[in-house]
Amino acid sequence: DELLITDRPIDGAEAVVAGDVGGVVVFWGVVRDREDRQPITALEYTAYREMAAHQFQKLIEETKRRWPVKRIRVIHRLGVIKVGEASLLVRVEAAHRGEAFAAAQFLVDELKQKVPIWKRGVPA
C-alpha cells in the first residue's frame with residue numbers, strides 16, 4: 001500500500017501489476033472551474049497532516065477488511081492546484097473488478113467525510 005500527502009503534482013505513471021490482480025480501478029479527482037457555483041481558477045488545499053495520514057491509514061485498513069484488495073495507492077495534493085489539475089489519485093488493485101470498484105468508491109466517499117483536508121476556492 002502507498003499513502004502520500006504532497007505539495008507536488010501527482011505522477012500518473014503506474015507500475016505493472018502482479019499476476020494475481022485481475023482488476024485495477026483508478027480514480028482521479030480533478031479541480032473543476034467552479035466551487036459553490038462560483039468561477040474559480042484553482043483550489044487551495046490545507047490539512048492537519050499528521051491526523052490526515054492517520055485517518056487515511058484507518059480508511060485503508062477498513063477497506064482491506066471489507067474487500068480482498070491486493071494493493072491500495074492514495075495520493076492527495078496540498079497547496080494551490082489549478083483548474084484541470086489532479087488533487088487526488090486513488091488506485092485499487094484486486095483479483096476481481098467488482099471488489100476494486102467497490103473498494104475505490106468506499107475510499108473516495110469516506111475520505112471526503114473523515115480526512116481533515118480542507119479546500120478553498122481561488123476566485124477567477
Side-chain angles (χ1 to χ4, degrees):
D1 298 325
E2 178 184 3
L3 164 64
L4 180 62
I5 301 171
T6 182
D7 301 329
R8 304 201 46 138
I10 299 173
D11 180 11
E14 298 293 335
V16 174
V17 298
D20 60 349
V21 171
V24 177
V25 171
V26 179
F27 172 81
W28 289 93
V30 178
V31 175
R32 292 184 304 261
D33 64 354
R34 299 201 173 271
E35 182 71 9
D36 298 325
R37 297 188 185 127
Q38 299 300 314
I40 61 169
T41 59
L43 285 174
E44 181 177 14
Y45 287 88
T46 58
Y48 176 19
R49 281 183 186 253
E50 293 80 14
M51 183 56 74
H54 176 74
Q55 289 299 108
F56 269 127
Q57 196 57 50
K58 284 175 60 176
L59 283 175
I60 289 169
E61 290 168 7
E62 176 65 20
T63 303
K64 288 189 144 191
R65 275 194 294 276
R66 290 177 179 230
W67 294 275
V69 299
K70 304 293 183 182
R71 183 170 180 260
I72 296 172
R73 182 178 191 208
V74 177
I75 303 174
H76 202 302
R77 284 182 67 187
L78 300 177
V80 177
I81 301 152
K82 296 177 183 176
V83 167
E85 291 184 8
S87 59
L88 173 66
L89 171 72
V90 173
R91 176 184 161 112
V92 178
E93 299 176 12
H96 304 283
R97 70 180 180 275
E99 297 158 350
F101 275 113
Q105 178 79 50
F106 173 79
L107 270 170
V108 173
D109 289 347
E110 291 294 305
L111 75 86
K112 291 194 167 273
Q113 299 299 316
K114 296 181 177 171
V115 178
I117 294 178
W118 304 279
K119 66 181 179 179
R120 177 186 70 80
V122 176

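- Contacts classified as salt bridge (charged side-chain N to carboxylate O under 4.0 Å, His left out) and involving residues 30-39 (residues at least two apart or in different chains) are given here: Glu35-Lys119.
- A chain of hydrophobic side-chain contacts below 4.5 Å, direct or via other Ile, Leu, Val, Met, Phe, Trp or Tyr residues, connects Leu43 to Ile5.
- Considering all non-hydrogen atoms of both residues, Thr41 and Ala124 come closest at CG2-CA, 3.5 Å.
- At most 12 non-hydrogen atoms from other residues, nucleotides or ligands lie less than 6.0 angstrom from CZ of Phe101.
- Here the shortest heavy-atom pairing between Ala47 and Ile117 reads CB-CG1, 3.7 Å.
- Screening residues 17-26 for salt bridge (charged side-chain N to carboxylate O under 4.0 Å, His left out) gives Asp20-Lys70 as the qualifying pairs, with residues at least two apart or on separate chains.
- Distance check: Glu110 CD to Gln55 CD gives 10.5 Å after rounding to the nearest 0.5 Å.
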Where do Arg49 and Leu78 land on the side chain to side chain contact (heavy atoms under 4.5 Å, CB included) test, with the steps shown first?
CA-CA 10 Å; Arg49 281 183 186 253; Leu78 300 177; 3.6 Å; yes

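- Residues passing the side-chain hydrogen bond (donor to acceptor under 3.5 Å, both in side chains) test with Lys112, sequence neighbours excluded: none.
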Would you be so kind as to tabulate the donor-acceptor pairs closer than 3.5 Å made by side chains of residues 81-88, with sequence neighbours excluded?
from: Glu85; atom 1: OE1; to: Arg77; atom 2: NH1; distance (Å): 3.1
from: Ser87; atom 1: OG; to: Gly29; atom 2: O; distance (Å): 3.4
from: Ser87; atom 1: OG; to: Tyr45; atom 2: OH; distance (Å): 3.3

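- In this structure, CD in Glu61 is found 10.0 Å from CD1 in Ile72, a value given to the nearest 0.5 Å.
- At a threshold of 4.5 Å between side-chain heavy atoms, the hydrophobic network of Ile, Leu, Val, Met, Phe, Trp and Tyr places Tyr48 and Val115 in two separate groups.
- Here the closest non-hydrogen pair linking Ala103 and Thr63 is CB-CG2, 3.6 Å.
- Under a hydrophobic-cluster definition in which Ile, Leu, Val, Met, Phe, Trp and Tyr are linked whenever side-chain heavy atoms come within less than 4.5 Å, directly or via other members, Phe106 and Val25 are assigned to different clusters.
- In terms of hydrophobic clustering, with Ile, Leu, Val, Met, Phe, Trp and Tyr side chains grouped at heavy-atom distances under 4.5 Å, Ile75 and Trp28 are assigned to a common cluster.
- Applying the side-chain contact (heavy atoms from CB on, under 4.5 Å) criterion to Arg120, with sequence neighbours excluded, gives Glu44, Val122.
- Once rounded to the nearest 0.5 Å, the distance linking CZ of Arg71 with NZ of Lys64 reads 9.5 Å.
- The closest side-chain donor-acceptor pair between Gln105 and Asp109 falls under 3.5 angstrom.
- Here His54 pairs with Met51, Lys58 under the side-chain contact (heavy atoms from CB on, under 4.5 Å) rule; sequence neighbours left out.
- More than 12 heavy atoms of other residues, nucleotides or ligands shown are found within 6.0 angstrom of CZ on Arg65.
- Leu4 and Val26 fall within a single hydrophobic cluster, where Ile, Leu, Val, Met, Phe, Trp and Tyr side chains are chained together by heavy-atom contacts under 4.5 Å.
- The minimum heavy-atom distance between His76 and Leu111, with the atom names listed, is CD2-CD1, 4.5 Å.
- Contact record, Gly23 with Ala100: O-CB, 3.9 Å, taken as the closest heavy-atom pair.
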